[in-house]
Amino acid sequence: MAEGSRAATGRQLVPFAALSATYFAHVGFFNPYLPLWLKDMGLPIVTISLLTSMQSFTRVFAPYAWGAFSDHTGERVRLLRFSAVVALVASAGLWFPYGAWWLGLVLLVLFTHTSSMMSLTEAAMAHMVAGDWGRYGRVRLWGSVGFMLTVFLAGAWFQRYGMGHFPVWAAATLLGVLLCTLWLPDLREKQEPARTRGAPIVPVLAQPAVRWFFASLLFHVMAHFSIYGFLSLYLDALGYGKAMIGTLWAVSVLAEIVWFFWQGRLIGRLSMPHWLLICGVATTVRMAMTAGLGHWLLALFLAQALHALTFATHHTACIAMVSQHFPGRMRGRGQALFTVIGYGLGGVAGVLAGGAIASRFGFEVMYCGAAGLALLASLCAWQVVRSTRSRVAVG
């Protein structure tokens with residue numbers, strides 16, 4: 001009976017793997033090449049940083065709003081489908097680039113509905129993997145496959161045909177996302193009484209380990225937005241072609257895939273707080289290499305390969321810690337806080353500060369600042385380790 005149940009759950013996870021693949025296929029072309037498309041339109045770096053930060057800005061409010069609503073209704077899958085429809089319709093506005101203000105409005109609507117998709121998806125399937133991070137990794141790796149496919153193909157396409165087809169790629173990838181949301185099983189969680197909703201969040205946030213975890217997350221993602229927001233522009237300024245830029249992005253995602261495939265055998269060897277610390281140290285090294293060795297292609301390949309630790313391992317450790325501290329009907333809000341604090345507040349601060357520093361002092365200085373932020377993330381992660389030890393000792 002247990003095996004049959006497990007097999008049924010495995011079948012239910014296939015649509016989630018497909019959604020992960022198509023969603024990150026969209027991200028894999030959109031995030032790396034949006035800055036280059038905007039640059040191709042003649043916009044300055046500061047304006048580009050403001051427009052690209054729109055995604056992070058929406059992550060300040062949208063994920064928690066969607067997460068709280070999904071916790072109250074249990075309708076995570078229907079909300080995903082609604083978001084996919086609105087995002088696809090909004091992408092039509094990219095066909096009419098009337099200026100920075102228009103593009104800002106289009107991106108605001110689009111990102112409001114895509115920025116919370118993965119937090120809703122993670123919350124919907126968290127109970128299905130039941131702490132089996134090997135199975136989680138095998139689902140999540142399809143997102144990395146989708147990202148690598150489009151970042152490589154789009155780079156080659158834009159290298160040959162120019163950036164003018166950017167809106168076509170947006171519509172095609174978002175259509176794929178919509179189709180996969182329609183394939184998801186119609187899961188709906190039982191509603192809790194109104195008096196019990198939301199109350200457990202406050203004591204969880206009061207725990208020192210949770211506070212240090214979110215602080216580490218904030219600094220870690222702030223540092224990482226020097227990659228997400230500016231790596232393509234940095235490589236372009238160094239003289240690398242769009243195909244090579246796509247290849248370097250693909251190296252990082254290939255490293256993700258390898259980690260996600262093997263993480264079931266590896267991640268249990270250390271506690272999640274210890275993995276958080278290791279990821280912070282790896283990010284410090286990666287940003288320092290990118291800052292000082294940008295003209296050395298081998299160094300860039302090695303720095304991008306560190307993505308296995310700086311993103312993939314970090315992501316799994318964070319999801320595991322969120323699942324631990326925010327179980328049951330707190331999952332939606334816990335996943336949303338992960339997105340809001342990391343990719344919302346951290347993303348906005350990282351992109352805006354990065355754009356200001358890069359435009360005034362250059363990309364190398366910006367990446368040195370990112371290394372400093374990663375060091376702060378490491379120190380906060382060490383506090384998570386200490387807090388966890390203290391709690392175990394007291395217990």
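Just so it is clear, the model here is predicted, and its values are computed rather than measured.
For Ser378 against Leu277, the heavy-atom pair with the smallest separation is O-CD1, 3.3 Å. The shortest non-hydrogen separation linking His220 to Thr310 is NE2-O, 2.8 Å. Closest non-hydrogen pair, Ala312 versus Ala308, comes out as CB-O, 3.3 Å. Residue Ser144 comes nearest to Glu256 through the heavy atom pair OG-OE1, 2.5 Å, listed as atom of the first residue, atom of the second, then distance. Residues Ala223 and Met287 approach most closely at O-CE, 3.5 Å, considering heavy atoms. Considering all non-hydrogen atoms of both residues, Val106 and Gly93 come closest at CG2-CA, 3.9 Å.
Leu375 and Val281 fall into different hydrophobic clusters, where Ile, Leu, Val, Met, Phe, Trp and Tyr are joined by side-chain heavy atoms under 4.5 Å apart, directly or via other members. Trp101 and Val109 fall into different hydrophobic clusters, where Ile, Leu, Val, Met, Phe, Trp and Tyr residues are linked whenever their side-chain heavy atoms come under 4.5 Å apart, directly or through other members.
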Inset, instruction - Show your working on side chain to side chain contact (heavy atoms under 4.5 Å, CB included) between Cys380 and Phe214 and close with a plain yes or no. - result: CA-CA 9 Å; Cys380 293; Phe214 280 126; over 6 Å; no
Would you please test Thr247 and Phe301 for side chain to side chain contact (heavy atoms under 4.5 Å, CB included) and show each step? CA-CA 9 Å; Thr247 300; Phe301 271 87; 4.2 Å; yes
Given the rule in the side chain to side chain contact (heavy atoms under 4.5 Å, CB included) test, do Met272 and Cys318 qualify, once you have shown the distances and angles that lead to the verdict?
CA-CA 8 Å; Met272 294 302 173; Cys318 287; over 6 Å; no
The test is side chain to side chain contact (heavy atoms under 4.5 Å, CB included); show your working for Gln335 and Thr339 and say whether it passes. CA-CA 6 Å; Gln335 294 290 346; Thr339 304; 5.7 Å; no
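In this structure, Phe260 and His315 have perpendicular ring planes: the angle between them is above 60°, well past the 30° mark.
The backbone N or O of Pro32 sits less than 3.5 Å from a side-chain atom of Ser232, completing a donor-acceptor pair. With Ser216 contributing its side chain and Phe213 its backbone, the two residues share no donor-acceptor pair below 3.5 Å. In this structure, Tyr23 contributes its side chain and Gly146 its backbone to no donor-acceptor pair below 3.5 Å. Panel note: side chain Tyr33, backbone Val151; a donor-acceptor pair is recorded below 3.5 Å. Of the possible donor and acceptor atoms, one in the side chain of Ser323 sits under 3.5 Å from a partner among the backbone N and O of Ile319. In this structure, the side chain of Tyr367 does not engage the main chain of Gly292 through any donor-acceptor pair within 3.5 Å.
Distance CG/Leu182 to CG/Leu19: 10.5 Å, rounded to 0.5 Å. Distance check: Leu179 CG to Trp183 CH2 gives 11.0 Å after rounding to the nearest 0.5 Å. Here the CG atom belonging to Leu174 is positioned 4.0 Å from the NE2 atom belonging to His26, to the nearest 0.5 angstrom. Between atom CH2 of residue Trp382 and atom OG of residue Ser387 there is a gap of 10.5 Å, rounded to the nearest 0.5 Å. Once rounded to the nearest 0.5 Å, the distance linking CZ of Arg333 with CG of Leu337 reads 9.0 Å. Remark: Leu276 CG to Leu270 CG distance equals 12.0 Å, nearest 0.5 Å.
Within 6.0 Å of the CZ atom in Phe261, the count of heavy atoms belonging to other residues, nucleotides or ligands does not exceed 12. Within a 6.0 Å radius of OH in Tyr240, other residues, nucleotides and ligands contribute more than 12 heavy atoms.
Residues Asn31 and Tyr228 fail the side-chain proximity criterion, which asks for heavy atoms closer than 4.5 Å. Considering only heavy atoms from C-beta on, Trp275 stays 4.5 Å or farther from Thr316 through its side chain. Side-chain contact between Leu231 and Leu248: absent, with no pair of heavy atoms (C-beta onward) separated by less than 4.5 Å. Under the 4.5 Å side-chain criterion, counting only non-hydrogen atoms from C-beta, Met163 is not in contact with Met41. Looking only at side-chain heavy atoms (C-beta outward), Thr290 and Tyr234 come within less than 4.5 Å of each other. Using a 4.5 Å heavy-atom threshold, the side chains of His295 and Leu238 count as touching. For the pair Phe158/Phe166, a side-chain contact is recorded, criterion being any heavy-atom separation below 4.5 Å from C-beta on. Within the 4.5 Å cutoff, side-chain heavy atoms of Trp259 are placed close to those of Leu266.
Applying the side chain to side chain contact (heavy atoms under 4.5 Å, CB included) criterion to Ser83, with sequence neighbours excluded, gives Trp66, His113, Met117. Legend: residues meeting ring pair (Phe, Tyr, Trp, His ring centres under 6.0 Å) with His274, ordered by chain and number and at least two apart, are absent.
Applying the salt bridge (charged side-chain N to carboxylate O under 4.0 Å, His left out) test to residues at least two apart or on different chains, the pairs with a partner in residues 21-48 are Lys39-Asp236.
Just one residue in the list Trp37, Trp169, Phe111 forms a ring pair (Phe, Tyr, Trp, His ring centres under 6.0 Å) with Phe30, and that residue is Phe111.
Remark: Arg286 is not positioned above the aromatic ring of Phe311, lacking an NZ or CZ atom under 6.0 angstrom from the ring centre and at most 45 degrees off the axis.
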